K.L.:
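Quick one: this structure, given as structure tokens, is what I'll be asking you about.
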Amino acid sequence: MRYGIGFKLGVLFAAFGILASGLTGYYSYSSSRAMLLAASERDLLTATQVLGRNMLVSLGAIGKDARLLAALPRAAKISQFSKSASIEEDTKVLATIFNAMLETHPEYFQIRLISADMNGLELVRVDRDGKSLTRVMAGDLQEKGHHPYVFETLRLKHGDIRLSKIEINHEEGAHSGLNKPTLRVATPVIADNGRVLGLIVINVDLNGLFGLLKADLPSAYNLYLSNEAGDFLIHPDATRTFGFEQGRRILVQDDFEPVAEVVQGKRESIVMNIEAARMQQDRLVAAFVRLPLGDTAEKRAVIIGLSQPLEHVVREATRLGWYTIQIVLVFSGLALILAALVSRVVTRPMNAMVQAIRSFSKERVISPMPTGRKDEIGVLARSFHDMQKEMVEYLTELKDSRNILEHIARHDPLTGLPNRTLFYDRMQQAIIQARRDKTRLALMFIDLDQFKQINDTLGHHTGDLLLKAVADRMQQCVRESDTVGRLGGDEFVVLLHFIEGQQDALLVAEKIRQAVNQPFDLDGHALVASVSIGVAIYPEHGRDEMQLSVNADRAMYLAKGNGRNRVHPYQN
Amino acid sequence: MRLRRFTHRLIAVLAVSVVLCAPARAVETLRVLAWPGYADSDLVQAFEKRHGVHVEVSFVGSDDVLREKVRANQGGDFDVFAANTAEMQYYIEERLVAPLQLDRIPNTANQLPRFRNLQAIHGITRQGEVFAIPYTYSEMGLIYDRKQFREAPTSMAALWDPRYKGRVLAFDASSHNFSVAAMLLGGSPFQIKDREFDKVAERLVALRRNVLTFYTLPEESVELFREHSVALLFANYGRQQFKQLRDAGADVGYVIPREGALAWLDCWAVTRGAGNKPLAESWINYMLESGVSGELTKRQGLSNTIAADPLANETDKLIWLEPVEDAKRRAALWSHIISGDLPGKLRTR
């Protein structure tokens, strides 16, 4: 019983419970995790798309600013009559307007009005110079006609906007904008007659612009920007930007291989797979979106990207994992408790039954069993109970019949007196006791006189009735503790315990002789009988039952020889 | 700036080619430092087989990297390398290269006449000793639109011709532009005298005013040529660029102007630290085999020194690049010129 059924059942239940909660936990964790990661990827892509859209909106707004300036009548006037002195006032006013616009837009480096003639000479120019704004005066103005942002813009129609390539601005004298990543937003200035007079150029600080755009994003996000070929323009590591300026290409598709498809224009956007990022060294998750810039024929585009450390992305998933483990542990604990309870519920009635059966087999006592239950255990208990009851009845019956048999074996069936066997047994006991107590006892041999004649004349039936009646009378003559026995035929014996002396025995014997002498009424036959009685005393007439019996028998024959119906003590 | 170099920047700059079936260490190793395209693995394998040696090729992508690599360990890291004439002077001056024994390079006898007279090529000899052998070159001629030119331009001065204003493409580099302008003014292209600088700068402002723009990449020039009906361009990338334009469908011609065209000339040299000098010279000899040199022309489109280009003329004047008087000064001034400074402002610098 080392591993009882209760234990095994408990283990089974517990294992089942733990397995069920473990598996449920695992599957809910893995599916929730997949959902979480997919949501993170989606979020990142969405953030990138939103950022891209915001960038386009910002660029649109810058284009509108350029258009607004180009539409000012003064801009056209200055472009047309730049050589006349009277234009001085107008240039001053236009410069003030440029100034105001630069003040409201910290992301602007420079605003210029450039002439279509005179090799693209700048007519009005205001630069940002640190914290202040500087108007560049006549001698310092430069000829820009050979720059694509000038000659390409001059080919445009009224209201068209041209976004330049994003480059490092190497133009000397550009103040704050010098050697800074710059985007030039330009639009032509066109006279009423349709002649192109010049252009308005706004130099935009790329980092300033994205600084504003990025302000709303969580700090864990890193921003990337590349041109349509994939050259990095913005990168968390500034040394990895504008590599082409130093004659080397640092490409987004080299750092983030899947972006190649976006660079090639096969896809509009891509988000790195989180599981794939796990394998990589930098462990970054990133999303990239391709954004076409402007509607000029140059097919300019940028690729904008956001990255996030993988740890940041999977943090929620990891937390989810911990929660799941905790829940699984709690439920496993509950399963253990439940298993223990269930095993007890099952084993308690069984234990009770075992207890009952044990005590039954030991003591034949019917202990209470869970017979009231309506389940299999109840049926089993009831069966056991019935079986026990039947066995008890059977055993009782057996005992009774054994008692009867025993009685029959030790008693005379006619008179109900102890037979020879029982009598000698009692005599033996009595002698042992008397020897120990040093007391006396008496043995009488009693023989019914002339019994054969009665039997022969009145029949065996009457003889039997006489024997019974004699036995009754003898019993009435002795103490309850004394024993009257029948040895067979007409021979009776009486054993008297604890007598003082022979005289006591002779008195009792005399009493018996007289009682038998009283007439009997047996089945309508009036009858007179007598007995001859021999008496022997322990220890005087025999120290054991054999000697005592022989001597009592001798005494009885003496009584018979002396004329019957008398008492004769043993005499040496 | 050379086309082959640019295009190969896309390839790993320092890729070390590990030759198949690398032999045991006991086999002698020749360490070659070359530009991409100079030592393709099939040609290297043929050399290894013939000489029973192992060749280890390292590639460089810029003059600066080349200097760095040769300088390290006093030239002891490599046995043989290739550099242009302007750069070679530096290596000779720094005593990083060893004089060559021409009798161990018999293929020099098969070179075109202009490469046989080594004393005439500035920068590869010193005090009668030869330090480098010419291998390949590219000159910077003029490419013109045959529809806009009835006759091919004959002089670099065409770049300044106001008839083509806004239809000229020049190259955005200080050194060559100063050299060309100085040459047109009758001076030395590589040694501009201090008092001549203003004049040269003024010429370059005039060039700025005449051009559509200054390009940097050959692809850019092709694009601009198509988009802006360009008439004339300064071909910094030489015949390779010419071929590229023709392949793009432009009806163009290529000409070496009468003043001569600036040209870079790459030469092989043996380092002072070379382990086995004769083996290194065998390498140079091997490079000059008509088959090997021919492959260079076939694969990279570069002119070799063995077979004459059918389009080139033996009498074309080629001016091999030399170190300039003050590269920093040219660069600083150029930066202002291209930024659009007016001539008056430039003079004050």
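Predicted model only: the values in this text are computed from it and were never measured. In what follows, every chain begins at residue 1, and chains take the letters A, B, ... in the order their sequences are listed.
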K.L.:
Are A/His147 and B/Thr213 packed together at the side-chain level, in the sense that at least one heavy-atom pair is separated by less than 4.5 angstrom?
P.N.:
no
K.L.:
Look at atom CD of A/Gln264 and say whether more than 12 heavy atoms of other residues, nucleotides or ligands are closer to it than 6.0 Å.
P.N.:
yes
K.L.:
Can you check whether A/Gln142's main-chain N or O pairs, donor with acceptor, with B/Lys345's side chain at less than 3.5 Å?
P.N.:
no
K.L.:
Please report the closest heavy-atom contact between B/Val211 and A/His146, naming both atoms and the distance.
P.N.:
CG2-CB, 4.2 Å
K.L.:
Quick one, A/Asn119 and B/Lys165 - any side-chain contact, counting heavy atoms below 4.5 Å?
P.N.:
yes
K.L.:
Looking at CD of A/Glu143 and OG of B/Ser339, how far apart are the two atoms once the value is rounded to the nearest 0.5 Å?
P.N.:
12.0 Å
K.L.:
Check each atom of A/Asn169 against the heavy atoms of chain B and say whether the ones under 4.5 Å are side chain, backbone, both or neither.
P.N.:
neither
K.L.:
When you compare the side chain of B/Leu342 with that of A/Leu121, does any pair of heavy atoms fall below 4.5 Å?
P.N.:
yes
K.L.:
Is it the case that more than 12 heavy atoms not belonging to A/Arg195 sit under 6.0 Å from its CZ atom?
P.N.:
no
K.L.:
Indicate yes or no: at least one non-hydrogen side-chain atom of B/Glu227 is less than 4.5 angstrom from one of A/Arg155.
P.N.:
yes
K.L.:
Would you say the side-chain atoms of B/Ser335 and A/Glu172 include a donor-acceptor pair closer than 3.5 Å?
P.N.:
yes
K.L.:
Are the side chains of A/Phe151 and B/Leu224 in touch, meaning some heavy atoms are under 4.5 Å apart?
P.N.:
yes
K.L.:
Could you check whether B/His228 and A/Glu152, counting side-chain N and O atoms only, form a donor-acceptor pair closer than 3.5 Å?
P.N.:
yes
